[in-house]
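Beneath this line is the structure, given in structure tokens, with notes to follow.
Counting convention: from 1, in listed order, for ligands and their atoms alike.
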Amino acid sequence: MRTLLIEPISLLVTMDAEGRELRDAAVLIRDGVIEAVGPCGTLGTASEVVDASRRLVMPGMVNTHHHLFQSLTRATPGAQDVKLFDWLIVHYPIWRHITPTMITISARLALAELLLSGATTVADHLYLYPNGARIDDEIQAAQELGVRFCPTRGSMSVGESRGGLPPDGVVEDEDTILRETRRAIESWHDPQPYSMCQVAVAPCAPFNVSQELMRESAQLARSYGVRLHTHVAETLDEEHYTLERVGLKPVAYMASLEWMGPDVWWTHAVKLDADEIALMAETQTGVAHCPASNMRLGSGIAPVRAYLDADVPVGLSVDGSASNDGGHMLAEARLAMLLQRVDRGAAALTAREALRMATVGGARVLGRSDIGQVTPGMAADLIAYDLDRHELAGAQADPLAALLFCAPTSIDWSLINGRFVVRDGALVGHDLQRIVAEHNQASARLRTLA
Ligand SMILES: [Zn+2]
């Protein structure tokens with residue numbers, strides 16, 4: 001039996017239902033699960049004690065949408081100043097040369113970047129499988145780094161010759177997609193509490209997947225009891241596409257395909273009107289909010305304030321990594337807070353609301369009741385920030401809000417299932433410089449192939 005006591009903690013942010021923030025607190029962890037939370041000196045002792053004085057400790061953050069492989073093509077010339085459809089048209093011919101090894105290498109880099117920024121759970125949307133690539137290639141990287149992972153088996157089936165956006169060379173046939181999705185679930189999905197890997201089913205978007213595949217994917221996911229994920233209502237181009245082809249706006253289209261419900265989360269959800277937001281709330285369809293990507297591509301401002309007021313589940317996502325082009329959870333939460341203010345004034349979203357979205361909100365979107373809070377019974381996924389960092393100097397009156405009001409900082413340490421994955425600001429057991437060098441080589445090679 002392994003026990004870990006973290007005390008004293010200068011400031012413990014629980015993200016529990018009451019939003020408790022405790023000064024001079026302690027957390028006791030047993031076998032990777034939080035056993036007790038209380039004042040310093042009241043929880044007994046443990047086999048290992050970690051001093052967290054001058055630290056802010058909070059739940060590890062949950063990234064609800066990503067494309068890890070895109071870290072190979074950040075800041076691509078020709079795709080820096082264009083909207084989504086044109087951005088995709090520049091990238092597809094490059095991405096078709098990605099190899100299985102490149103999938104692993106890019107996932108390793110992008111996951112390391114997220115971990116160092118405070119993520120402990122990551123959902124990834126891998127929708128391209130060229131040259132024999134499989135979802136297993138990114139799961140391997142997540143296992144190596146020890147991150148809690150939600151790989152979503154993406155797909156594209158409608159290429160240019162059938163009226164879709166991607167070239168035919170990057171789409172798969174639908175039998176292969178369904179067979180591989182089944183295999184991914186049967187090989188990797190663990191539905192148990194504290195699971196390190198939960199697979200979801202994720203056809204890419206309304207403009208590159210057929211109606212039949214959307215329907216069959218929903219049936220398949222529900223037959224296994226796994227979640228459904230896709231891109232919806234990101235841009236006006238998408239709205240024109242679905243209106244032209246099926247006579248419906250994206251939300252109505254997805255509703256007609258049974259793609260709404262408490263087991264579904266959409267990413268972006270930018271272009272929704274009040275009736276559509278009400279439908280999201282009624283069906284409890286979740287949202288992965290990607291402020292940096294929406295700003296970078298000029299897609300618009302998602303109605304996050306309205307979602308929260310209507311009790312639509314909302315999590316935070318870095319999207320990317322070629323439309324962000326970073327993977328920093330605090331930077332993303334900061335943008336979420338600021339972007340709502342651009343739209344609706346200075347009181348539109350508080351720092352605490354944005355950080356709840358990044359933690360307990362993300363857990364809800366992924367259907368996880370075992371992460372996102374520091375309360376007894378939860379997985380011991382915790383992160384700590386050093387309150388003496390230069391970025392936080394002068395902000396001691398409210399260090400939690402300072403995490404978003406000040407420039408984004410990196411974590412001091414993080415625990416996943418009670419084990420350190422980051423300590424003293426560095427990955428445990430991994431050489432970051434080597435991961436970066438390997439990644440840069442793969443990225444350069446990809447560009448020579450394209
Ligand atoms: Zn995306």
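Ion pairing between a basic and an acidic side chain is recognised when a charged N comes within 4.0 Å of a carboxylate O; Glu391 and Arg334 show no such pairing.
Note on Asp319: counted as a metal contact of the Zn ion (ligand 1), an N/O/S atom lying under 2.8 Å. Contact annotation: His66 places no N, O or S atom under 2.8 Å from the Zn ion (ligand 1).
Vertex the Zn ion (ligand 1); arms to His65 NE2 and His67 NE2; angle rounded to 10 degrees, 100°.
Using modelled atom types, one side-chain atom of Arg227 and one backbone atom of Val365 make a donor-acceptor pair closer than 3.5 Å.
Taking the six-membered ring for Trp and the full ring otherwise, the centers of His231 and His67 sit less than 6.0 Å from each other.
Contact detail for Asp381 and Thr120: the closest heavy-atom pair is CB-OG1, 3.8 Å.
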